[in-house]
Each structure stands twice: as structure tokens, then as C-alpha cells.
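Sequence positions, counted from 1, serve as the residue numbers for this chain.
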Amino acid sequence: MQKFFFDMKDGVPNRDRVGIEFNTNAEAIKHCKEIAQDFRDKSLRDDQDLEILVVNEVGREIYRQFVHREPE
């Protein structure tokens with residue numbers, strides 16, 4: 001298992017210092033998409049710059065998901 005961090009960014013990064021362990025990158029990416037969907041469903045704002053970055057335990061970004069934009 002490896003630890004992944006889910007940093008939030010809307011101009012200024014908010015680092016995840018705790019992280020969550022997953023077996024694969026795909027599981028971490030799936031979790032990121034679930035977080036983004038939860039924010040879309042519950043947010044009172046439509047911040048087009050809000051994004052979630054998935055960072056592995058060695059500090060490499062493996063995925064990026066905008067919360068209020070359609071995937072490109």
C-alpha cells in the first residue's frame with residue numbers, strides 16, 4: 001500500500017498532510033473523483049478554479065481534477 005495526498009487548490013494550495021493509503025493509483029484517482037463529486041453536490045459556490053491534486057508519497061502529482069468544470 002502507498003499513501004496518497006489530496007491537495008486542494010483554488011489559486012492558493014492547501015496541502016493534505018495526512019493522506020490515505022490505497023493499493024493502486026487507480027484507487028486513489030477514483031477516490032479523488034468521489035471527493036470532487038461530493039464538493040459539487042454540497043457546495044454553495046461554483047468556484048471554477050477549485051481543483052484537487054492527487055500526489056503520491058514521493059511527491060509526484062499523478063492526477064488533477066477540477067471540481068466545478070467538466071473534464072477535458
Engineer: Test your reading of the model: is there a side-chain donor-acceptor pair from Glu57 to the backbone of Lys3, 3.5 Å cut-off?
Structural biologist: yes
Engineer: Where do Arg40 and Val67 come nearest, in terms of heavy atoms and distance?
Structural biologist: NH1-O, 2.7 Å
Engineer: Please tell me if the side chains of Leu50 and Lys9 come closer than 4.5 Å, counting only heavy atoms from C-beta onward.
Structural biologist: no
Engineer: Any heavy-atom pair between the side chains of Ile52 and Phe66 that's under 4.5 Å?
Structural biologist: no
Engineer: Say whether, by atom type as modelled, one donor and one acceptor occur between the side chain of Arg64 and the main chain of Val54 under 3.5 angstrom.
Structural biologist: no
Engineer: Picking from Phe22, Tyr63, Phe5, what satisfies ring pair (Phe, Tyr, Trp, His ring centres under 6.0 Å) with His31?
Structural biologist: Phe22
Engineer: Please round to the nearest 0.5 Å and tell me the distance separating atom CG of Asn56 and atom CD1 of Ile62.
Structural biologist: 6.0 Å
Engineer: Closer than 3.5 angstrom, by distance alone: can the side chain of Glu27 be matched with the main-chain N or O of Asn23 as a donor-acceptor pair?
Structural biologist: yes
Engineer: Quick check: do Phe39 and Gln65 have side-chain heavy atoms less than 4.5 Å from each other?
Structural biologist: no
Engineer: With clusters defined by side-chain heavy atoms of hydrophobic residues (ILVMFWY) lying less than 4.5 Å apart, directly or transitively, does Ile29 cluster with Ile35?
Structural biologist: yes
Engineer: Give me each pair satisfying salt bridge (charged side-chain N to carboxylate O under 4.0 Å, His left out) with a member in residues 10-19, each pair once, sequence neighbours excluded.
Structural biologist: Asp7-Arg15
Engineer: If you measure from SG on Cys32 to CD on Gln37, what distance do you get to the nearest 0.5 Å?
Structural biologist: 12.0 Å
Engineer: Using 0.5 Å steps for rounding, measure from the CD1 atom of Ile20 to the CZ atom of Phe6.
Structural biologist: 5.0 Å
